[in-house]
There are 2 protein chains.
Amino acid sequence: MTDDLLTENTRERLLDAAEILFANKGYRAVSIREIIRAAHCNLAAVNYHFGQKRNLYLEVFRSRWIPRARRVQDAFRKSLENNPPHSLDDIVRALTDAFIQGPLSEDERQRHHQLMAREQARPSEALELIVNEVMRPFFVEVAGLLHPFMPDDMGDDALYLYLLSMFSQILYFSFARAAVTIMTGGDYNTSSFKAHISDHIVTFCLHGFGAVVEVSK
Amino acid sequence: MTDDLLTENTRERLLDAAEILFANKGYRAVSIREIIRAAHCNLAAVNYHFGQKRNLYLEVFRSRWIPRARRVQDAFRKSLENNPPHSLDDIVRALTDAFIQGPLSEDERQRHHQLMAREQARPSEALELIVNEVMRPFFVEVAGLLHPFMPDDMGDDALYLYLLSMFSQILYFSFARAAVTIMTGGDYNTSSFKAHISDHIVTFCLHGFGAVVEVSK
DNA sequence: GTCTATAGCAGGATAGAC
DNA sequence: GTCTATCCTGCTATAGAC
C-alpha cells in the first residue's frame with residue numbers, strides 16, 4: 001500500500017504513490033494530502049511538478065500505465081517470435097499468458113487493470129489516451145495475426161468483439177480479485193491459483209474463438 | 001441524468017437520484033449536495049432519512065440493486081419454466097438473454113453493472129451484501145442446473161470459474177459501453193447492436209463451456 | 001526544488017424554525 | 001417531514017521563505 005522508495009526523486013515518488021491510490025480508490029476519492037503522505041513529500045510538491053491534481057492523474061497514465069502496457073505487448077510479441085504460431089491455440093495462449101502470467105507482478109497487474117476498468121466505467125481524457133495509444137493499435141495488430149486462421153468473410157468488427165470478450169475476462173479476473181476469491185475460495189497469492197486462472201481463461205477463450213473456427217484438440 | 005419524478009416521496013427520490021450518481025461517479029465523487037439537487041429536496045433530507053451519506057449508499061443496494069437483480073433472476077427462471085432446457089445451449093441462452101435482453105432497460109443495466117463493477121474493484125459492506133444475497137445463491141442454483149450437462153468429476157469450484165467468465169463479459173459489455181462503442185463502432189441505443197452483443201456473448205460462452213462438454217452445433 | 005503558511009471554498013453533518 | 005442557517009473539517013491551490 002505505502003510506497004517507501006526514497007531513492008527516486010520527488011516527482012517519481014509522487015507518480016508511484018498516486019498510481020497506487022488512484023487505482024485503489026478512484027480519482028476523486030484520493031486527496032493530494034493522501035498522495036504526498038505516501039510519497040513522503042510536501043503538499044506544494046504536486047503543484048510544483050504537475051500544476052494541478054488532474055495533471056498528476058494524466059501523467060500517471062502517460063509515464064506509468066502506457067509503458068507498462070507496452071511491456072506486456074512486447075512480452076506477447078517476443079513469445080510469438082520465439083515460438084511462431086501454427087494455430088489459433090498458439091496465439092490465444094501467448095496472448096493470455098502475456099497478460100496474466102507475463103512480466104507484471106500480481107499487484108502490478110491488479111493496479112493496471114483497476115485503472116483501466118475505472119476509465120472504462122467513467123471515461124475521461126485518459127481513456128482516449130488508452131484507446132488511441134494502446135488498445136486500438138494492439139487490436140489492429142492482433143487482428144492481423146488472427147486473420148489467417150479466421151473465415152475469409154470475417155471482418156475486423158466481428159473479430160474485435162471476440163477480443164473484447166477475451167480482455168473482459170483478463171480485466172475481470174484482475175480487478176475483481178476479492179469477488180473471485182470469495183466465490184472460488186482461491187488465493188491469488190499462491191502461484192498455483194494464478195496458473196489455474198490463466199489456464200482457465202486460455203481454455204475458455206480458445207473454445208470461445210472456436211465458435212468461428214474449428215479448434216484442434 | 002436528472003431524476004425528475006416528483007410524484008414519489010422524498011426518500012424514494014433520494015434513492016433514485018443517488019443510485020444514478022453513485023453508479024456514474026462512485027461514492028466519494030458524489031456530494032450530498034449533488035444528490036439533493038437531482039432529487040429536488042433539501043440538504044437536511046439525507047440526514048433525516050438515512051442518518052448519514054454512507055447509509056444512503058448502502059440503502060441503494062438494499063432497496064434498489066438487490067430487487068433489480070432478483071427481477072433479472074426471475075426472468076431467467078421464468079424463461080426456463082416456459083422452455084425446459086434440453087441442453088447446455090438452452091441454459092446459456094436463457095442466462096445471457098435474461099441479463100442482456102431481459103427486463104432491464106439499457107440505462108438500468110449499465111447503472112446496475114457499473115455499481116457492481118465499482119464494488120468489485122473496491123469492495124465494501126455492499127459487496128458482502130451482493131455476494132451473500134445475490135451472487136452466491138444464484139451461482140449455486142445455476143450450478144445445479146448445469147450439473148446434469150457437465151462431466152461427473154467436475155466440482156462446483158471449476159464450474160464457478162466458467163460462470164465468472166460468462167458474467168465478466170456481461171458486466172464488461174454493460175459498464176464499458178464507451179470503450180465497446182469506440183472499438184466496434186456500434187451504438188447501444190440501436191436494438192440491433194444490443195441483440196448483436198447478446199448473440200455474441202451467447203455464442204462465445206456456449207463454446208467456452210464447450211471446453212468441458214461437447215456442444216451441439 | 002522543497003518547504004511552511006494560508007487563502008478560499010466545498011464537503012458532511014446538525015440545530016432549530018415551521 | 002421539510003426547510004434555512006450554520007458549524008467545522010478537509011480540500012485544492014498559491015504565495016513566498018529558504
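All values below come from the heavy atoms of this structure, side chains included, with hydrogens, waters and symmetry mates left out.
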Could you tell me which residues satisfy side chain to side chain donor-acceptor pair (under 3.5 Å) with [X], sequence neighbours excluded, listed by chain and number?
X      : result
A/R109 : A/E106
A/Q120 : B/Y172
B/S124 : B/R54, B/E119
A/D74  : A/R77

### 5' to 3' contact window, DNA chain C with chain B (heavy-atom distance under 4.0 Å)
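That gives a stretch of C/dG11 to C/dA15.
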### Task
Measure from CD1 on A/I32 to C1' on D/dT9 and round the result to the nearest Å.
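Checked: the CD1 to C1' distance equals 17 Å.
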### Query
Once you round it to whole Å, what is the distance between C1' of D/dT4 and CD1 of B/I36?
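Whole-Å distance recorded here is 12 Å.
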### Query
Near DNA chain C, under 4.0 Å by heavy atom, which residues of residues 43-55 of chain A?
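A/A44, A/Y48, A/H49, in order of number.
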### Query
Taking only residues two or more places apart in sequence or in another chain, which ones pass ring-ring contact (aromatic ring centres under 6.0 Å, His included) with A/F76?
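For A/F76, the residues satisfying ring-ring contact (aromatic ring centres under 6.0 Å, His included) (neighbours in sequence not counted) are A/F138.
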### Residues that A/P103 engages under side-chain contact (heavy atoms from CB on, under 4.5 Å), provided they are two or more places apart
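With sequence neighbours excluded, A/P103 shows a side-chain contact (heavy atoms from CB on, under 4.5 Å) to A/R71, A/V72, A/A75, given in chain and number order.
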### Query
Does A/R28 have any side-chain contact (heavy atoms from CB on, under 4.5 Å) partners at least two apart in sequence or in another chain, and if so, which?
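Residues passing side-chain contact (heavy atoms from CB on, under 4.5 Å) with A/R28: B/A29.
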Under 3.5 Å, which donor-acceptor pairs do the side chains of residues 158-166 of chain B form with other protein atoms, sequence neighbours left out?
residue, atom, partner, partner atom, Å
B/S165, OG, A/Q169, OE1, 2.7
B/S165, OG, A/H200, NE2, 2.6

### Message
Using a 4.0 Å heavy-atom cut-off, does B/R33 contact any base of the nucleic acid, only the sugar-phosphate backbone, or nothing at all?
### Response
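Answer is base: heavy atoms of B/R33 come under 4.0 Å of a base.
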### Validation row, ring centre A/F167 to ring centre A/F139 under 6.0 Å
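Centroid distance A/F167-A/F139: below 6.0 Å, so yes.
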### Query
So which pairs with a foot in residues 179-199 of chain A pass side chain to side chain donor-acceptor pair (under 3.5 Å), sequence neighbours left out?
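Of all non-adjacent pairs touching residues 179-199 of chain A, those that pass side chain to side chain donor-acceptor pair (under 3.5 Å) are A/D97-A/S198.
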### Message
Angle between the two end axes of the helix from C/dG1-D/dC18 to C/dC18-D/dG1, five base pairs per end, rounded to 10 degrees?
### Response
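Helix axis angle between the two ends: 0°.
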### Task
Identify, between A/R28 and A/C41, the residue whose nearest nucleotide on DNA chain C lies closer to the 5' end.
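That would be A/C41.
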